[in-house]
Trainee: 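Structure incoming, see below.
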Amino acid sequence: MSTRDALLVVVCLLGGAYGYLGLRVGAHLNDVEKRKSPSERFLLTSVAWSVGTGDEYTDEGKRLCKIGNWILVVWIITWFMWGHGSDVAV
């Protein structure tokens, strides 16, 4: 397995984790009506759901946003590393 392959696996895992948190944080919206609506809770339509003040979420939602921000940063860095990496065997 090359370094690029390993980085691609990490990129996919981080993207999946970010998407999963995006689904979870929808259950922690302050607006009860939005929280009940499956379409409003499906926050994957907003790629950067974790970026912002987090005022629309409960305390647990804000905590998930902080985790999501870290995952997003590492995901972007890893994605760039994959894109600019060489094909060296590990």
Side-chain angles (χ1 to χ4, degrees):
M1 176 181 267
S2 70
T3 303
R4 282 185 55 106
D5 293 340
L7 285 172
L8 183 58
V9 169
V10 172
V11 166
C12 291
L13 290 173
L14 289 170
Y18 188 76
Y20 173 72
L21 281 178
L23 291 173
R24 283 200 46 213
V25 79
H28 298 284
L29 289 164
N30 284 327
D31 186 342
V32 176
E33 292 305 313
K34 283 186 177 181
R35 194 182 315 160
K36 289 180 184 177
S37 168
S39 63
E40 291 287 342
R41 287 181 58 179
F42 192 65
L43 297 177
L44 290 179
T45 57
S46 171
V47 175
W49 56 263
S50 65
V51 180
T53 61
D55 292 338
E56 64 270 20
Y57 304 114
T58 63
D59 289 337
E60 178 63 15
K62 289 178 185 177
R63 186 184 74 78
L64 292 174
C65 283
K66 288 178 185 176
I67 295 169
N69 284 334
W70 281 107
I71 291 174
L72 182 62
V73 167
V74 173
W75 180 63
I76 291 170
I77 291 169
T78 307
W79 195 352
F80 279 112
M81 288 171 58
W82 172 78
H84 294 291
S86 60
D87 201 15
V88 179
V90 176

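Both backbone and side-chain heavy atoms feed into the values below; hydrogens, waters and symmetry mates do not.
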Trainee: Answer with yes or no whether the hydrophobic clustering places Trp70 together with Ile77; edges join I, L, V, M, F, W, Y residues whose side-chain heavy atoms lie under 4.5 Å apart.
Mentor: no
Trainee: What is the minimum heavy-atom distance between Tyr57 and Asn30, and which atoms define it?
Mentor: O-ND2, 3.2 Å
Trainee: side-chain hydrogen bond (donor to acceptor under 3.5 Å, both in side chains) with Asp59: which residues, sequence neighbours excluded?
Mentor: none
Trainee: What heavy-atom pair brings Ala17 and Ile71 nearest, and what distance separates the two atoms?
Mentor: CB-CD1, 4.2 Å
Trainee: Residues two or more places apart in sequence or in another chain: which of them pass side chain to side chain contact (heavy atoms under 4.5 Å, CB included) with Val74?
Mentor: Leu14, Thr78
Trainee: Give, for atom OH of Tyr18 and atom CD1 of Ile67, the distance between the pair rounded to the nearest 0.5 Å.
Mentor: 12.5 Å
Trainee: Which residue pairs pass the salt bridge (charged side-chain N to carboxylate O under 4.0 Å, His left out) test when at least one of the two sits in residues 62-85, sequence neighbours left out?
Mentor: Glu60-Arg63
Trainee: With sequence neighbours excluded, what pairs up with Trp79 under the side chain to side chain contact (heavy atoms under 4.5 Å, CB included) test?
Mentor: Val11, Trp75, Trp82
Trainee: Nearest 0.5 angstrom please: Cys65 SG to Leu72 CG, how far?
Mentor: 11.0 Å
Trainee: Looking only at heavy atoms, which two atoms of Ser50 and Gly68 are closest? And how far apart?
Mentor: OG-C, 3.8 Å
Trainee: For the atom pair NE2 (His28) and CD (Glu56), what is the distance rounded to the nearest 0.5 Å?
Mentor: 13.5 Å
